[in-house]
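Okay, so here's the structure we're looking at.
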Protein chains: 2
Amino acid sequence: MPTKKKPQVTAAPARRRELLDTAAEVFAEQGYNATTVRKIADHAGMLAGSLYYHFDSKESMLEEILRTFLDELWDGYDTVLEAELGPRETLEALVTESFREIDRHRAAVAIYQKESKQLVAQDRFVFLAESQRKFEKAWLSTLERGVAAEVFRSDLDVRLTYRFVRDTVWVAASWYRPGGHHSAEEIARQYLSMVLDGIAVRT
Amino acid sequence: MPTKKKPQVTAAPARRRELLDTAAEVFAEQGYNATTVRKIADHAGMLAGSLYYHFDSKESMLEEILRTFLDELWDGYDTVLEAELGPRETLEALVTESFREIDRHRAAVAIYQKESKQLVAQDRFVFLAESQRKFEKAWLSTLERGVAAEVFRSDLDVRLTYRFVRDTVWVAASWYRPGGHHSAEEIARQYLSMVLDGIAVRT
DNA sequence: GTCCTTCCCTAACAAGTGTTTGGTAGGTTA
DNA sequence: TAACCTACCAAACACTTGTTAGGGAAGGAC
């Protein structure tokens, strides 16, 4: 009774990565639901059925794309958090790191932004919810530390501030294009300047 | 040769409005493509085919939802712009007006945010592109006036600032729920405070 | 009563969906 | 040469999709 053999997930999946990249591109551009496996196959220069040699399902492609992105994101975030910088420096580092991730995983970030809300309800995507909780905890505690240390304003609702900073950073993925006018670091610098000091002239 | 009669679009469409509201709700929650006409019909307590007594197609529902929203949005925006306030007061009024629209058209705004990018390519949704141009012009000129009048900082990229303010405001629709902790005006006030003066303590 | 309009249902349609099955060309190994 | 593995194709599958055609119940107009 020979079980069907699939290519090793753990082994070096050169072609697999290629296909995931093109899939991510199409998902980001057209939306997950509007993307048919035939469109993905078209972009990859093959037929729809051939994708199933590499992947179990369309959904498993999406899962792998998001997992890969979040794994790398948390690599960066954890490094920042373990450095135990001051609140303001932590915020600056987190924002900068976020823009670097947008630079590296533009498509995955766009997909995450658009689809995560509907995906978290599904069992196979619970890891999205876990990531969100961890994310919120990291940011909220940084903001609260800053308020306690009197480097961030205390007259603002912290949760509102959190959503403000979070959204401000990540929506950039919807218009950011690598190789554009500004580098990720330059955008991070200006964003930080706006978030920290505002856009009004100081009087 | 009797042409098929559809209910008058111009006449008072009480039921029509109801159906559009529920459709908008489902579109916003599940995404346009993931929403089937059967789901909409379910939420409205009827069968899928019955929707076609009121509407030509699923797409025409979406169009009417977005058109209605944008019409009301520009009613508010035009009123603000015609008042010819100073740049800072204009920005404050535009932001406040935006949050009021989010309060009134939460579902439509969420749909707009998620789908407009893919819709503008279609002929029947060109009005989205026109609105976007008008929108960008209104905001950019306000920001530029502010820089010239030295009420907004001149060391920031104006286009970046534009996207910053724009996104900052509209993504709120993704988490805002009417009847929550803060009113639309209260959120607008705090957002404006952050955008204008930043979240850092002034030293 | 009859007629007409409004609003919905029943039942089906064709097109498109994700997925499966069996096959096969080409390279590698024995 | 023979056996085998990789990566794909060809063709179909069951199901869901948006949409349509015909019918009928309720109620007001005449």
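None of the values given here were measured: they were computed from a predicted structure.
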Any A:Tyr53 side-chain N or O less than 4.0 Å from OP1/OP2 of D:dA7: yes
Donor-acceptor pairs are to be reported for all side-chain atoms of residues 139-146 of chain B against protein atoms at under 3.5 Å, with residues two or more places apart or in another chain.
| residue | atom | partner | partner atom | Å |
| --- | --- | --- | --- | --- |
| B:Ser141 | OG | B:Lys137 | O | 3.0 |
| B:Ser141 | OG | B:Ala138 | O | 3.1 |
| B:Thr142 | OG1 | B:Ala138 | O | 2.7 |
| B:Arg145 | NH1 | B:Leu85 | O | 3.1 |
| B:Arg145 | NH2 | B:Leu85 | O | 3.4 |
| B:Arg145 | NH2 | B:Thr90 | OG1 | 3.2 |

B:Phe55 atom CZ is separated from C:dT6 atom P, nearest whole Å, by 16 Å
Roughly how many Å is it from CG in A:Leu51 to C1' in D:dA10, rounded to a whole number? 15 Å
Identify, residue by residue, the members of residues 18-36 of chain B with a heavy atom below 4.0 Å from DNA chain D, and return them in order of residue number, or none. B:Thr35, B:Thr36
Nucleotide D:dT17, atom P - distance to CG of B:Asp42 in whole Å: 11 Å
Do B:Trp74 and B:Ser131 have side-chain N/O donor and acceptor atoms under 3.5 Å apart? yes
Side chain to side chain contact (heavy atoms under 4.5 Å, CB included) filter on A:Val37, not counting sequence neighbours, yields A:Ala48, A:Leu51, A:Tyr52, A:Lys58
Counterpart residues, side chain to side chain contact (heavy atoms under 4.5 Å, CB included), relative to A:Glu63 (two or more places apart): A:Arg67, A:Arg124, A:Phe125, A:Phe127
Determine all donor-acceptor pairs shorter than 3.5 Å in which one atom belongs to a side chain in residues 180-188 of chain A; sequence neighbours excluded.
| residue | atom | partner | partner atom | Å |
| --- | --- | --- | --- | --- |
| A:His182 | NE2 | B:Asp157 | OD2 | 2.9 |
| A:Ser183 | OG | A:Glu186 | N | 3.1 |
| A:Glu185 | OE2 | A:Arg100 | NE | 2.9 |
| A:Glu186 | OE1 | A:Arg189 | NE | 3.4 |
| A:Glu186 | OE2 | A:Arg189 | NH2 | 3.4 |
| A:Glu186 | OE2 | A:Gln190 | NE2 | 3.2 |

Would you please confirm or rule out a distance under 4.0 Å between OP1 or OP2 of D:dT19 and any side-chain N or O of B:Tyr52? yes
Which residues pass the ring pair (Phe, Tyr, Trp, His ring centres under 6.0 Å) test with B:Tyr191, not counting sequence neighbours? A:Phe164, B:Phe99
Under the ring pair (Phe, Tyr, Trp, His ring centres under 6.0 Å) test, residues paired with A:Tyr32 that sit two or more places apart: A:Phe27
Can you pull out every salt bridge (Lys or Arg N to Asp or Glu O under 4.0 Å) where at least one residue sits in residues 164-177 of chain B? Sequence neighbours excluded, please. none
Under 3.5 Å, N/O pairs linking protein and nucleotides 9-13 of chain C:
| residue | atom | partner | partner atom | Å |
| --- | --- | --- | --- | --- |
| C:dC9 | OP2 | B:Leu47 | N | 2.7 |
| C:dC9 | OP2 | B:Ser50 | OG | 2.7 |

Main chain of A:His54, side chain of A:Arg15: is a donor-acceptor contact present, judged purely on distance under 3.5 Å? no
Under 3.5 Å, which N/O atoms of the protein pair with N/O atoms of nucleotides 22-29 of chain D?
none

To the nearest angstrom, the CG-P distance between B:Asp56 and D:dT19 comes to 9 Å
Quick one: list whatever passes ring pair (Phe, Tyr, Trp, His ring centres under 6.0 Å) with B:Tyr162, sequence neighbours left out. none
Between B:Arg15 and C:dT6, is there a side-chain N or O to OP1/OP2 distance below 4.0 Å? no
Taking only residues two or more places apart in sequence or in another chain, which ones pass ring pair (Phe, Tyr, Trp, His ring centres under 6.0 Å) with B:Trp175? none
Ignoring backbone atoms, establish whether A:His54 has a side-chain N or O less than 4.0 Å from OP1 or OP2 of D:dT6. no
